[in-house]
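This structure is a prediction, so every number in the text was calculated from the model and none was measured. So you know, we letter chains A, B, ... as the sequences are listed, proteins then strands, and number each from 1.
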Amino acid sequence: MTPLNGYLLLAAFLFSIGLAGALTRRNAILVLAGIELMLNAANLNFIAFWRYGTHPEALTGTMFAIFSISIAAAEAAVGLGLILAVYRHFKTTDLDEIDSLKG
Amino acid sequence: MTILFLILAVLAIVGASAAMAFRSAVHAILALALAFVSLAILYLSLDAQFVGFTQIIVYVGAVAILAVFAIMMTRSDSAHHHTEVFSKSWLTGLVLAGGVFTVLAWAVLGDKTQHAAADAPAPVTTVTQIGEALMQRYAFPLEIMGLLLTAALIGAVVLAMPLLSNKSGAKSVTKGDAR
């Protein structure tokens, strides 16, 4: 197994853990944490492909990872703001109890 | 496949699994920070120094702290309640995640293309190069990113701020919040 395959397998496993958490946790904040984990796994793929790819001097993978981290930061801020707004309305962050659109 | 990679991979997997399995939300976020730190060290070992330090600053320094603040402000720590940790449809979620991992691992292990050898010389990247690329080739994406971050900042503040949208009904909402 080449080093690249090792990194890709690790990223795939982290992505699956994040997906499982996002689909099964009841706490909305931890669902968001699972989504962050999935974004991190994608970043690991970008960096590994950049390092073991054919043209590392073009910096494409690094740039992609930097922009992806910025998107993730913006998404975390908006997501946690949404969770606070939902909590103010429903008085809970349990996603199984937040089941009505009209409130 | 070095010892360092194996140690960091185990740390990242343990941190991520603990983050998704712990009952207490605060403990889960701390375990998530462990996974973020081991991923940052993985980036450093892949010669991506700038991304590694950005990862520590943004994820460990900002996202994890933000999540802890959200937990404090919502009192959603289920260690103090007798609620279930996992949703009613947890089996479906686990099966879906397992299926996704199976497909991804099958695709990775069936890969027959030739990649650079493990001992390929490390690409030399300085912060100067990254800055020049951001200011020249990636200048337009950088502007868009600035716009997006500004919009996200304003949006997060507007979403989290109470009593902004209905000035006329502000009195009744204040009453509602007090109860």
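For the pair A:Leu37 and B:Phe36, the minimum side-chain heavy-atom distance is below 4.5 Å. Contact annotation: the side chain of A:Leu10 never approaches that of B:Leu8 to less than 4.5 Å [non-hydrogen atoms, C-beta and beyond]. Using a 4.5 Å heavy-atom threshold, the side chains of B:Thr74 and A:Ile29 count as touching. Counting heavy atoms from C-beta outward, B:Leu32 and A:Leu30 have side chains that stay 4.5 Å or more apart. Side-chain contact check for B:Leu46 versus A:Tyr7: some heavy-atom pair is nearer than 4.5 Å. A 4.5 Å side-chain heavy-atom check between A:Ile66 and B:Ile130 finds at least one atom pair inside the cut-off. Using a 4.5 Å heavy-atom cutoff, the side chains of B:Leu104 and A:Phe13 are not in contact.
More than 12 heavy atoms of other residues, nucleotides or ligands shown are found within 6.0 angstrom of CZ on B:Phe86.
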* Asked: Please walk me through it: do A:Leu14 and B:Leu39 pass side chain to side chain contact (heavy atoms under 4.5 Å, CB included)?
  -> CA-CA 10 Å; A:Leu14 286 179; B:Leu39 274 169; 3.9 Å; yes
* Asked: Stepwise, does the side chain to side chain contact (heavy atoms under 4.5 Å, CB included) test hold for B:Trp90 with A:Arg25?
  -> CA-CA 8 Å; B:Trp90 61 273; A:Arg25 289 298 297 229; over 6 Å; no
* Apply side chain to side chain contact (heavy atoms under 4.5 Å, CB included) to A:Ile71 and B:Met145, showing your working. => CA-CA 8 Å; A:Ile71 297 264; B:Met145 191 57 63; 4.0 Å; yes
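Follow the hydrophobic side-chain contacts under 4.5 Å out from B:Val127 and you reach A:Ile69 in the same cluster. Both A:Leu39 and A:Met63 belong to a common hydrophobic cluster when Ile, Leu, Val, Met, Phe, Trp and Tyr are linked at side-chain heavy-atom distances under 4.5 angstrom. In this structure, B:Leu44 is not a member of the same hydrophobic cluster as B:Leu34, with clusters built from ILVMFWY side-chain heavy atoms closer than 4.5 Å. Taking hydrophobic clusters as Ile, Leu, Val, Met, Phe, Trp and Tyr residues chained together by side-chain heavy-atom distances below 4.5 Å, A:Ile83 shares a cluster with B:Phe69. Note on B:Leu30 and B:Val10: separate hydrophobic clusters, where clusters join Ile, Leu, Val, Met, Phe, Trp and Tyr whose side-chain heavy atoms are under 4.5 Å apart, directly or indirectly.
Of the listed residues (A:Ala11, A:Gly79, A:Ala12, A:Ala20), the greatest number of heavy-atom pairs within a distance under 4.5 Å of chain B belongs to A:Ala12. Of all the listed residues (B:Leu153, B:Val100, B:Val51), the one sharing the greatest number of non-hydrogen pairs under 4.5 Å with chain A is B:Val51. Note: A:Leu19 leads A:Val31, A:Thr92, A:Leu19 in heavy-atom pairs under 4.5 Å with chain B. With chain B as the partner, the residue from A:Gly34, A:Gly81, A:Ala41 showing the most heavy-atom pairs under 4.5 Å is A:Gly81. In terms of non-hydrogen atom pairs under 4.5 Å with chain A, the most contact-rich of B:Val63, B:Ile13, B:Leu149 is B:Ile13. Chain A forms the most heavy-atom pairs under 4.5 Å with one residue out of B:Gly155, B:Pro141, B:Ala133, and that residue is B:Pro141. In terms of non-hydrogen atom pairs under 4.5 Å with chain A, the most contact-rich of B:Leu42, B:Leu96, B:Leu94, B:Thr54 is B:Leu42. Among B:Gly93, B:Ala62, B:Ala35, the residue with the largest count of heavy-atom pairs under 4.5 Å with chain A is B:Gly93.
Here B:Ser87 contributes atom OG and A:Leu23 contributes atom CG; the two are 8.5 Å apart, rounded to the nearest 0.5 Å. Rounding to the nearest 0.5 angstrom, the gap separating the CZ atom in B:Phe50 from the OG1 atom in A:Thr62 is 10.0 Å. To the nearest 0.5 Å, atom CG of residue B:Leu134 and atom CZ of residue A:Phe67 are 5.5 Å apart. For the atom pair CG of A:Asn27 and CD1 of B:Ile71, the computed distance is 6.5 Å after rounding to the nearest 0.5 Å. A distance of 7.5 Å separates CZ of A:Arg88 from CE of B:Met73, quoted to the nearest 0.5 Å. To the nearest 0.5 angstrom, A:Trp50 atom CH2 is 12.5 Å from B:Tyr43 atom OH.
The list of salt bridge (Lys or Arg N to Asp or Glu O under 4.0 Å) pairs with a residue in residues 35-52 of chain B, not counting sequence neighbours, reads A:Arg51-B:Asp47. Residue pairs meeting the salt bridge (Lys or Arg N to Asp or Glu O under 4.0 Å) criterion with at least one partner in residues 51-65 of chain B, sequence neighbours excluded, are absent.
Residues A:Ala73 and B:Val58 share a closest heavy-atom pair of CB-CG1, 3.9 Å. Closest approach of B:Met20 and A:Ile17 over heavy atoms only: CG-O, 3.7 Å. Annotation for B:Leu148 and A:Ala74: closest pair CD2-CB, 4.4 Å, computed over non-hydrogen atoms. Between A:Ala77 and B:Leu66, the closest heavy-atom pair is CA-CD2, 3.9 Å. Considering all non-hydrogen atoms of both residues, B:Ile29 and A:Ala33 come closest at CD1-CB, 4.4 Å. Between B:Tyr59 and A:Glu36 the shortest heavy-atom distance is CE2-OE1, 3.1 Å.
At a cut-off of 3.5 Å, with distance as the only test, no side-chain donor of B:Gln55 or A:Asn43 sits close to an acceptor on the other residue.
With a threshold of 4.5 angstrom between heavy atoms, A:Leu82 approaches chain B through its backbone and through its side chain. Looking at B:Ala21, the atoms closer than 4.5 Å to chain A (heavy atoms on both sides) all sit in the backbone: N, CA, C or O. Using a 4.5 Å cut-off between heavy atoms, A:Leu44 touches chain B through backbone and side chain atoms alike. Heavy atoms closer than 4.5 Å to chain A are found in the backbone of B:Ala19, but not in its side chain.
Taking the six-membered ring where the residue is Trp, the centroids of A:Phe15 and B:Phe101 are separated by 6.0 Å or more.
Here the side chain of A:Asp96 pairs a donor or acceptor atom with the backbone of B:Lys88 at under 3.5 angstrom.
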